[in-house]
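First up is the structure itself, then whatever we jot down about it.
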Amino acid sequence: MDEVTDMITYSLSKRQARLFLLRHQRLVAGGLPEGKSSIYDFVRHVGCIQYDPLSIAGHNHELVLQARIPGFTPVMASELLYKDRLLIDGWDKNMSIYCTEDWPYFHRLREAAALRHQNNEAMAAMITHVREELDARGPLSSLDLASKEKIDWSWAPARLSRAAMESMYFRGELSIHHRVHTRRYYDYTTKLLPPELLHTDDPNVTTDQYHDWYVLRRIGSIGLQWNRSGDGWLGITGLKSKERTAAVQRLLLKDKLREVRIEDIKLPLYIRTADAPQLESLLLEEDTAGTDESPSGPQARDPQAAAFAAALAPLDNLLWDRELIRQLFGFHYRWEVYKPVLEREYGYYVLPLLYGDRFIGRLEPVMNKKTGILTIARWWWEAGEALERGMLPALRQAFSSLQRSTGASGIRFAPDVVHSCGLQELESALSASP
């Protein structure tokens, strides 16, 4: 092991940390150009984006991408997944979408999945039946198999045919050929991925190498991360606090991670060393902006951030560690879809609204499938926030992106929302948009 004797540590203000995170997440004006290649580049940059079957104002991954990719439409992601095969559905940060080239790195997960249920005779018989049906009929959904038998499975009892296909999927024998809404149609992975990829050995020979790779990957998925338990580390089987701490120390010694100290935050945070040039560039800009020759004020210091707004997905990468976001942005967000109605503070499917380097509010969108209108049923301003005329261009662009991604024919605000939240000018601006 090549050890580094002098560890590099960066000292940041909370504002600098916010700006770095937003640039890392491409949540800034001009962060990414239009086109499918930007989707692939972003997923490759952050490792994965989360998939969730709920579709209230689009699926989670679509909301993640519309916030960043100008002109994004869901068909672009679908083509990358099921036509180009540059992206693939798989387990990473829970169910996720990641680059197909990463397939060999998840060998351990597939191997572990293959050991589950291996002594279940009913499962083995159904798997044999699935193979026979796929050989005879091609890509299939579990609903295409005449099976009513149930088995205890994940969240709740499920049909044996579904459990068998999911078992084959998690161990890598099957992959998703395509989706119809949330229904998955499977085919043999050998028919969908290139042989050279399938025959590539796991690049991580030892468990320590695997842990190091995953810790580095997950820190890059967010941008800045600390070594404390939380949702930012979900989905990494076998990586408990002890193993994570050991991996962080090894990565620091190899200078693959660097430490970041942030004002008023006790724990150190970490960035990938590969991302250090972007941080150093930001700090240099901040130093330059502080000279007499440069204009002053937050907008002059970072016009990228000030000119940008987006409605974020509930499971957006930026929000994976919600305690970190609370401490850096002063924004406390919970996804309340699984909470009983009376226990919800806000609503069922609420999207955070980012403007510049702060969260200014949150909104609850509801799609009317008959009219195609996306209604903003409720709106909550953060403390001290209100609509300002200077926000309108960025907010208009943010809602246009949301409308395009959902395929809505228009966006409307519930009348009581417009008046109680002072959104008249925003409503007028959206009505005037082409």
Any luck finding a side-chain donor-acceptor pair between [X] and [Y] under 3.5 Å?
{"X": "Trp320", "Y": "Gln50", "answer": "yes"}
{"X": "Glu323", "Y": "Gln327", "answer": "yes"}
{"X": "Trp233", "Y": "Asp321", "answer": "no"}
{"X": "Asn94", "Y": "Tyr51", "answer": "no"}
{"X": "Ser161", "Y": "Arg159", "answer": "yes"}
{"X": "Asn317", "Y": "Ser221", "answer": "no"}
{"X": "Tyr186", "Y": "Asp144", "answer": "no"}
{"X": "Gln66", "Y": "Ser405", "answer": "no"}

Could you label the plane-to-plane angle of the [X] and [Y] rings as parallel, tilted or perpendicular, counting under 30° as parallel and over 60° as perpendicular?
{"X": "Phe42", "Y": "His45", "value": "tilted"}
{"X": "Trp213", "Y": "Phe106", "value": "perpendicular"}
{"X": "Tyr338", "Y": "Trp335", "value": "perpendicular"}
{"X": "Tyr185", "Y": "His178", "value": "parallel"}

Expected output: side-chain [X] to main-chain [Y] donor-acceptor under 3.5 Å:
{"X": "Tyr188", "Y": "Arg131", "answer": "yes"}
{"X": "Asn120", "Y": "Ala122", "answer": "yes"}
{"X": "Arg344", "Y": "Lys339", "answer": "yes"}
{"X": "Ser420", "Y": "Asp416", "answer": "yes"}
{"X": "Arg110", "Y": "Trp103", "answer": "yes"}
{"X": "Thr189", "Y": "Leu174", "answer": "yes"}
{"X": "His129", "Y": "Leu145", "answer": "no"}
{"X": "Arg358", "Y": "Tyr355", "answer": "no"}
{"X": "Gln16", "Y": "Ser13", "answer": "yes"}
{"X": "Thr100", "Y": "Arg85", "answer": "yes"}

For a quick test of reading the model, state the closest non-hydrogen atom pair linking [X] to [Y] and the distance between them.
{"X": "Thr273", "Y": "Asp255", "value": "OG1-O, 2.7 Å"}
{"X": "Tyr10", "Y": "Ala276", "value": "OH-CB, 3.5 Å"}
{"X": "His117", "Y": "Ser167", "value": "CD2-OG, 4.4 Å"}
{"X": "Thr375", "Y": "Ala414", "value": "CG2-N, 4.1 Å"}
{"X": "Phe331", "Y": "Phe359", "value": "CD1-CB, 3.4 Å"}
{"X": "Leu319", "Y": "Pro314", "value": "CD1-O, 4.0 Å"}

Answer whether the closest heavy-atom distance between the side chains of [X] and [Y] falls below 4.5 Å.
{"X": "Asp202", "Y": "Arg108", "value": "yes"}
{"X": "Glu364", "Y": "Trp380", "value": "yes"}
{"X": "Ser38", "Y": "Ile69", "value": "yes"}
{"X": "Asp187", "Y": "Ser175", "value": "no"}
{"X": "Arg217", "Y": "Tyr98", "value": "yes"}
{"X": "Phe72", "Y": "Ser401", "value": "no"}

#### Entry: Pair Arg68-Asp316, salt bridge (Lys or Arg N to Asp or Glu O under 4.0 Å): steps then yes or no
CA-CA 11 Å; Arg68 296 163 169 84; Asp316 194 284; 2.8 Å; yes
### Task
Could you please spell out the steps behind the side chain to side chain donor-acceptor pair (under 3.5 Å) verdict for Tyr105 and Asp92?
CA-CA 11 Å; Tyr105 289 90; Asp92 190 346; over 6 Å; no
### Query
Honestly, is Arg362 close enough over Tyr333, meaning NZ or CZ under 6.0 Å from the six-membered ring centre and within 45° of the axis?
no
Is the shortest side-chain N to carboxylate O distance from [X] to [Y] below 4.0 Å?
{"X": "Arg258", "Y": "Asp275", "value": "no"}
{"X": "Asp89", "Y": "Arg184", "value": "no"}
{"X": "Lys256", "Y": "Asp212", "value": "no"}
{"X": "Arg412", "Y": "Glu427", "value": "no"}

### Query
Should we say atom CD of Glu121 is surrounded by more than 12 heavy atoms from elsewhere, each under 6.0 Å from it?
no
#### Entry: Gln397 CD: over 12 foreign heavy atoms closer than 6.0 Å
no
### Task
Using the salt bridge (Lys or Arg N to Asp or Glu O under 4.0 Å) rule, take Arg171 and Glu173 through it: C-alpha gap first, then chi angles, then the decisive distance, then the call.
CA-CA 6 Å; Arg171 70 194 203 185; Glu173 184 176 355; 3.3 Å; yes
